[in-house]
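Each chain gets a letter, A, B and so on, in the order its sequence line appears, and its residues count up from 1.
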Protein chains: 2
Amino acid sequence: MVAKPAGESIAHKVERQLRSDILSLALPPGARISEQEIGELYGSSRQPGREALISLAKSRLVEILPQRGAVIARISVSKLMQAAFVRETIEKAVAKAACNSFHFHARSRLDDCLVEQERAALAGDRTTFRRFDDLFHRLLAEGAGLPMAWTVVEDLKAHIDRACCLSLRNAEALQRLVAEHRAILAAIDARDVSAAEQALNLHLSDLLRDLPRLEAQHPDLFE
Amino acid sequence: MVAKPAGESIAHKVERQLRSDILSLALPPGARISEQEIGELYGSSRQPGREALISLAKSRLVEILPQRGAVIARISVSKLMQAAFVRETIEKAVAKAACNSFHFHARSRLDDCLVEQERAALAGDRTTFRRFDDLFHRLLAEGAGLPMAWTVVEDLKAHIDRACCLSLRNAEALQRLVAEHRAILAAIDARDVSAAEQALNLHLSDLLRDLPRLEAQHPDLFE
DNA sequence: CCTTCAATGATTGTATGGAAGTGTATGCCG
DNA sequence: CGGCATACACTTCCATACAATCATTGAAGG
């Protein structure tokens, strides 16, 4: 049995690829993009490209101008700050629930997750790092018995991730994030709600502190 | 100039209609539905029906079984409770922000909103009532300077609204909800954070209290 | 020189044909 | 009568054709 006997539809593959390219800023905000060129880029027809665009428009990563075309959305500071705020309130509530009780299985996976993430940080492998960063927050929600909280946070991250990507250009920042993850987990293990909330606040406000610099440095990426 | 010279794409119209029909339980959970019959139902081809299905699948209102078809999603008690919890944490944060400062324009629109909603409640017009219920929560978020909080809550409502629809079969319940809205607004006007949070908690837990009865009464609608 | 208007090109929105996949029913064989 | 293979019906998924809409360009007229 092969790993992936095809499994996924072309439209989904295109969507994932395109989302990744947008989040990594490989496709610059403000650039126009048509269904046709997405199709050509992937060796398929317009249809999968169209469906990918519709999906990404729901995440606000592209903006569809009716009857005219689509553009890669610029980073909105206002939306970013709102998304960060909402995310923080959700994750604090998750942490509070986690302090109350935590599923054993998720807890053990979190240890592995942190090890892998630290390895990626040391290797400077941002792609892998980000994958385990997501996994950390997802496992936190699952362990607290609130898996849906992660799906909400995941949507919010669309507004945050590109700025995050800009901010994490130096390797020591990656290791700091891992340390913050450990602090969050330690507070939850100790069932110390206020410590957990404080650790989360620190973790999520890293980016906001860096935001003015990013905006000054890359004015064309912001709206 | 006519009011709407067409304006919206067929796909969007189909999506809205289908979403409405699912939320109102006109289309029963568990029923299968194909692109073709959606198209026929609306006098269009399969394409708009397909796009509507994809959109609704993102809201988890339908479940797409790859290469096989789509079914109207059943109401998940687990998802409902998680969504209600996350929603409550978000709206409490919104209320807290609202106590701090509130945009004048949104505040004045809220008064109108409540009047209209009460009128709908007295007339027993559930459709209009629901529209102004949404508007109330949206204006709350906008007034607090967090319009994005509403978009998140709106997504969460997909998991909640059908049960809510079942619960509100008697007219006095509608008027109670309006009174709860007034209580929330009064607490915000008084800048009393804990009163606002308490009023919101009461408002949103109405449904949860009723949930066991609904599940017993309509077992086929739940998963 | 500026405004107006028609032609052109590009892009989306819609319809439809065809390929591939899945579950079911049917008929055959033991 | 039960188990198995094959054929069939149904659906999604992808490709492509067509129509409608919008921006741009360029020319004509004031």
Side-chain angles (χ1 to χ4, degrees), chain A residues 1-19 21-22 27-74 223, chain B residues 1-19 21-22 27-74 223:
Chain A
M1 187 195 297
V2 193
K4 281 189 179 179
E8 203 180 16
S9 76
I10 295 180
H12 278 80
K13 283 187 209 162
V14 172
E15 181 195 337
R16 264 212 331 243
Q17 181 68 39
L18 201 55
R19 166 172 266 122
D21 287 346
I22 293 174
L27 293 173
R32 295 198 51 182
I33 188 164
S34 73
E35 298 172 357
Q36 181 134 27
E37 63 187 298
I38 296 173
E40 286 170 5
L41 201 72
Y42 203 81
S44 66
S45 73
R46 273 178 52 202
Q47 180 72 9
R50 173 177 176 81
E51 292 181 6
L53 274 184
I54 292 175
S55 290
L56 294 175
K58 281 199 194 304
S59 306
R60 310 273 186 181
L61 287 175
V62 307
E63 186 177 0
I64 292 180
L65 312 165
Q67 307 281 9
R68 290 197 278 139
V71 300
I72 313 290
R74 294 181 194 275
E223 76 178 6
Chain B
M1 187 194 297
V2 193
K4 281 190 178 180
E8 204 180 17
S9 75
I10 295 179
H12 278 79
K13 284 186 209 163
V14 172
E15 181 195 337
R16 264 211 332 240
Q17 181 68 40
L18 200 55
R19 164 172 269 122
D21 287 345
I22 293 175
L27 294 173
R32 296 198 53 183
I33 188 163
S34 73
E35 298 173 357
Q36 181 134 23
E37 62 186 300
I38 296 172
E40 287 170 4
L41 201 71
Y42 203 80
S44 68
S45 72
R46 284 152 29 208
Q47 178 73 8
R50 172 176 176 80
E51 292 182 6
L53 275 183
I54 292 175
S55 290
L56 294 175
K58 280 201 192 307
S59 306
R60 310 273 186 181
L61 287 175
V62 306
E63 185 177 359
I64 292 180
L65 312 165
Q67 308 284 5
R68 289 200 281 140
V71 300
I72 314 291
R74 294 180 194 276
E223 75 178 8

Supply the atom-to-atom distance [X] [atom1] to [Y] [atom2], rounded to the nearest 0.5 angstrom.
X	Y	atom1	atom2	result
A/Leu65	A/Arg32	CG	CZ	7.0 Å
B/Leu56	B/Ile22	CG	CD1	5.0 Å
B/Ser45	B/Arg50	OG	CZ	11.5 Å
A/Ile38	A/Leu27	CD1	CG	8.5 Å
B/Ile54	B/Glu35	CD1	CD	7.5 Å
A/Leu53	A/Ile33	CG	CD1	6.5 Å

So, for A/Pro48 and A/Ala11, which heavy atoms are closest and what is the spacing to 0.1 Å?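 Looking at all heavy atoms of both residues, the shortest contact is CB-CA, 3.8 Å.
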
Kindly write out the residues that satisfy side chain to side chain contact (heavy atoms under 4.5 Å, CB included) with A/Gln17, not counting sequence neighbours, or none if the list is empty.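 If we apply the side chain to side chain contact (heavy atoms under 4.5 Å, CB included) test to A/Gln17, skipping adjacent residues, the hits are A/Asp21.
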
Who are the side chain to side chain contact (heavy atoms under 4.5 Å, CB included) partners of B/Leu41, not counting sequence neighbours?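 For B/Leu41, no residue satisfies side chain to side chain contact (heavy atoms under 4.5 Å, CB included) once neighbours in sequence are set aside.
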
Residues from residues 29-40 of chain A lying under 4.0 Å of DNA chain D - heavy atoms: none

Just to be sure I understand the geometry, which residues of residues 46-70 of chain A put a non-hydrogen atom under 4.0 Å away from DNA chain D? A/Arg46, A/Gln47, A/Pro48, A/Gln67, A/Arg68

Do any pairs count as a side chain to side chain donor-acceptor pair (under 3.5 Å) and have a residue in residues 60-74 of chain B, sequence neighbours left out, and if so which ones?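 Side chain to side chain donor-acceptor pair (under 3.5 Å) check on residues 60-74 of chain B returns no pairs.
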
Tell me the interatomic distance from A/Glu8, atom CD, to D/dT12, atom P, rounded to whole angstroms. 19 Å

Going 5' to 3' along DNA chain C, which nucleotides are the first and last within contact of chain A (any atom under 4.0 Å from a heavy atom)? C/dT11 to C/dT14

